[in-house]
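Working notes, structure below.
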Amino acid sequence: MTEQELIKGCSNRVEDCQRLLFEKFAGKMMSVCLRYACNQQEAQDILQLGFIKVFDHIHQFKNEGSFEGWMRKLFARVAIRQLGKKKPGFTDMQEIGPAAPFEAPSVLSKISEDEIHALIRLLPDGYRMVFNLHVIEGYSHEEIAKMLKIQPTTSRTQLLKARKMLQALISKRYNMITV
């Protein structure tokens, strides 16, 4: 079954098409959910809510761009809405101290993608959301500010702090490995 047939079937609420769409995209969308969530359970909740939204709004897909890209944006919005209910803080965290000299090529060559995602999940909610939206999803600070109802300067600051904290987490993990 082609993607277009799958989309049409889901628009018509055909359960077999919905199941096939879920099976085809659940893994990829779970990775989106995990980037925003603090843990596996929270990510699964976001995944479920995301697919409900997909099935409710699939008729709005205009075949402009990729369907997967449309779904990723929808899942990111669902995650933001869910995490917004927890009222993520955009306040200063205690300083984590100066980061160790960062040797990106050598350190990053030793860290797997899964480890990087795990470290991103350790970031506070506000840092993690801004980091994911800007670095991974490609939103501008102005777009992020509208989505999260914050100022663009807050988005920029949160990204800077997220990068600094992520760098420190990577450095700490790297130092632990070499000791």
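Throughout, numbering of the chain's residues begins at 1 and tracks the sequence.
- Proximity of Arg156 to Gln151: side-chain heavy atoms (C-beta onward) are nowhere separated by under 4.5 Å.
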Audit row: Phe25, Phe67, ring-ring contact (aromatic ring centres under 6.0 Å, His included) steps and yes/no
CA-CA 10 Å; Phe25 290 103; Phe67 179 65; 5.7 Å; yes
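- The closest donor-acceptor contact from the side chain of Gln158 to the backbone of Ser155 lies at 3.5 Å or more, if one exists at all.
- Taking CD of Gln60 as the start and CH2 of Trp70 as the end, the distance is 7.0 Å to the nearest 0.5 Å.
- Residues Leu159 and Val135 are in side-chain contact: their nearest non-hydrogen atoms beyond the backbone lie under 4.5 Å apart.
- Side chain of Gln48 to backbone of Asp45: no donor-acceptor contact under 3.5 angstrom is found.
- The aromatic rings of His141 and His134 sit parallel, their planes meeting at an angle under 30°, below the 60° perpendicular limit.
- Evaluated for a side chain to side chain contact (heavy atoms under 4.5 Å, CB included) with Met129, the options Leu83, Ile150, Leu123, Ile144 yield exactly one hit, Leu83.
- In terms of modelled atom types and a separation under 3.5 Å, the side chain of Glu42 and the main chain of Cys38 share a donor-acceptor contact.
- Listed for the Arg35 side chain is no donor-acceptor partner under 3.5 Å among the backbone atoms of Asn132.
- In this structure, the side chains of Leu34 and His117 stay at 4.5 Å or more apart for every pair of heavy atoms.
- Here Leu6 contributes atom CG and Gln4 contributes atom CD; the two are 9.5 Å apart, rounded to the nearest 0.5 Å.
- Taken to the nearest 0.5 Å, the OH atom of Tyr36 stands 10.5 Å off from the CZ atom of Arg77.
- Considering CE of Met71 and CZ of Phe61, their distance stands at 10.5 Å, rounded to 0.5 Å.
- Under a 3.5 Å cut-off, the side chain of Gln82 and the backbone N or O of Ala79 do not form any donor-acceptor pair.
- Put simply, the side chain of Asn12 never gets that close to the backbone of Val14: no donor and acceptor are under 3.5 Å apart.
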